[in-house]
Amino acid sequence: MKSLSFILVALFTIVATAQKTDYNLKKGYVAEGYDVTEYFNNKAIEGDKEFTTTYDGAKFQFASQKNLEAFKKSPEKFIPQYGGYCAYAIADKGKKVSIDPETFQILDGKLYLFYNSWGTNTLESWNEEGAATLKKKADIEWERVRTKN
């Protein structure tokens, strides 16, 4: 009986402390409704409300049924890093900043989105300052930022 109680307490602790990803849901969808599978074809294409799904509590929109099915088959492959917030802002300032869904990079098989407005293109800064170094910094900052209220 003691071991069952221990297992239940341990399981409850794991479930209670597990964190869902904090997604950037501007316009109600991850990547502002752009099809996250198309980024891997080097295209920024808006999704269609006809092809939507929810994953990890967040809504995703796709350009076709084929893309929706590809996402459902392997969602982790397509999820943007840092919840879909600007990768450069996470690394540089430790802040969640909105993105321009047409400014993106696929790096080591992962999707990174960036802010690009008012003469500031953070993808350019990301590349100029060194994507590999900034990615390491962003990985650390994201753990801190995503749990902040």
*Asks:* Apply side-chain hydrogen bond (donor to acceptor under 3.5 Å, both in side chains) to the pair Y29 and E46, showing each step before the final yes or no.
*Replies:* CA-CA 11 Å; Y29 296 91; E46 286 188 71; over 6 Å; no
*Asks:* Which pair of non-hydrogen atoms, one from A63 and one from D35, has the smallest distance, and what is that distance?
*Replies:*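 Here A63 and D35 meet closest at N-OD2, 2.8 Å.
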*Asks:* T54 and K59: which non-hydrogen atoms are nearest, and at how many Å?
*Replies:*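 Smallest interatomic distance, heavy atoms only, reads OG1-CG, 3.7 Å.
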*Asks:* Please answer: with hydrophobic residues joined when any side-chain heavy atoms are less than 4.5 Å apart, are I90 and W126 in the same cluster?
*Replies:*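 Same cluster: I90 reaches W126 through Ile, Leu, Val, Met, Phe, Trp or Tyr contacts under 4.5 Å.
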*Asks:* Linking I/L/V/M/F/W/Y whenever their side-chain heavy atoms sit closer than 4.5 Å, directly or via other members, would L134 and L113 fall into one cluster?
*Replies:*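 L134 does not cluster with L113.
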*Asks:* Would you compute the distance between atom CD of Q81 and atom SG of C86 and round it to the nearest 0.5 angstrom?
*Replies:*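 Here the interatomic distance stands at 13.5 Å.
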*Asks:* For I106 and Y112: C-alpha separation, side-chain torsions, deciding distance, then whether side-chain contact (heavy atoms from CB on, under 4.5 Å) applies.
*Replies:* CA-CA 6 Å; I106 303 296; Y112 296 85; over 6 Å; no
*Asks:* When you group the ILVMFWY residues by side-chain heavy-atom contacts below 4.5 Å and let the links chain together, are F40 and F104 in the same group?
*Replies:*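 Same hydrophobic cluster.
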*Asks:* Between the main-chain N or O of L123 and the side-chain N or O of N121, is there a donor-acceptor pair closer than 3.5 Å?
*Replies:*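 Yes, the answer is positive, given that a donor and an acceptor are paired below the 3.5 Å cut-off.
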*Asks:* So D56 and Y23, do their side chains get closer than 4.5 Å, heavy atoms only?
*Replies:*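 The answer is yes; the side chains approach within 4.5 Å.
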*Asks:* Can you tell me how far CD of Q65 sits from CG of D48, rounded to the nearest 0.5 angstrom?
*Replies:*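 Atom-to-atom, D48:CG and Q65:CD are 10.5 Å apart.
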*Asks:* Does the separation of the ring centres of F71 and F60 fall below 6.0 angstrom?
*Replies:*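 Yes, the ring of F71 comes within the 6.0 Å limit of the ring of F60, centre to centre.
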*Asks:* So V30 and P80, do their side chains get closer than 4.5 Å, heavy atoms only?
*Replies:*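 Yes, side chains in contact.
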*Asks:* Looking only at non-hydrogen atoms, find the nearest pair between A131 and L107 and report the distance.
*Replies:*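 In terms of heavy atoms, the two residues are closest at CB-CD2, 4.0 Å.
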*Asks:* Hey, does I79 have a side-chain heavy atom less than 4.5 Å from the side chain of V36?
*Replies:*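 Answer no - side chains too far apart.
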*Asks:* How close do Q105 and N127 get, counting heavy atoms only, and between which atoms?
*Replies:*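 Nearest pair, atom of Q105 first, then N127: NE2-OD1, 3.0 Å.
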*Asks:* Quick check on side chain to side chain contact (heavy atoms under 4.5 Å, CB included): which of L111, I45, N67 does T37 satisfy it with?
*Replies:*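 Testing each of L111, I45, N67 against T37, the sole residue satisfying side chain to side chain contact (heavy atoms under 4.5 Å, CB included) is N67.
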*Asks:* Would you please name every residue forming a side chain to side chain contact (heavy atoms under 4.5 Å, CB included) with K72, sequence neighbours left out?
*Replies:*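 Partners of K72 under the side chain to side chain contact (heavy atoms under 4.5 Å, CB included) test: T53, L68, E69.
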*Asks:* Is any side-chain N of the basic residue among D108 and K135 closer than 4.0 Å to the acidic one's carboxylate O?
*Replies:*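 Between K135 and D108 there is no salt bridge, as every charged N stays at least 4.0 Å from the carboxylate O atoms.
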*Asks:* Working to the nearest 0.5 Å, report the span between CG of D92 and CD of E129.
*Replies:*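 Answer for the CG-CD pair, D92 versus E129, is 6.0 Å.
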*Asks:* On a heavy-atom basis, which atom in N24 and which in G84 lie closest, and how many Å separate them?
*Replies:*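 In terms of heavy atoms, the two residues are closest at ND2-O, 3.3 Å.
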*Asks:* Measure from the side-chain N and O atoms of Y39 to the backbone N and O of P101, and report whether any donor-acceptor pair falls under 3.5 Å.
*Replies:*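 A pair under 3.5 Å: yes.
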*Asks:* Name all residues meeting the side chain to side chain contact (heavy atoms under 4.5 Å, CB included) criterion together with K136; count only those two or more places apart in sequence or in a different chain, and write none if there are none.
*Replies:*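 Partners of K136 under the side chain to side chain contact (heavy atoms under 4.5 Å, CB included) test: none.
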*Asks:* So, applying side chain to side chain donor-acceptor pair (under 3.5 Å) with Y34, which one of E102, Q61, K43 is it?
*Replies:*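 Output: one option passes, namely E102.
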*Asks:* Of all the heavy-atom pairs spanning A138 and A87, show the shortest one and how long it is.
*Replies:*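 In this case the closest contact between A138 and A87 is CB-O, 4.0 Å.
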*Asks:* Kindly compute the distance separating CD (E124) from OG1 (T103), expressed to the nearest 0.5 Å.
*Replies:*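 Interatomic distance, E124 CD to T103 OG1, rounded to 0.5 Å: 9.0 Å.
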*Asks:* Are Y82 and I99 joined in one hydrophobic group, where the rule is that I, L, V, M, F, W and Y side chains link up if heavy atoms are under 4.5 Å apart?
*Replies:*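 In one cluster with Y82: I99, no.
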*Asks:* Other members of the hydrophobic cluster containing W118, with the 4.5 Å side-chain heavy-atom rule, please.
*Replies:*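 Joined to W118, directly or through intermediates: V97, Y115.
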*Asks:* Hey, do the aromatic rings of Y88 and F114 have their centres closer than 6.0 Å?
*Replies:*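 No, too far apart.
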*Asks:* Any side-chain heavy atom of W142 sitting closer than 4.5 Å to one from K96?
*Replies:*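 Side-chain contact under 4.5 Å: yes.
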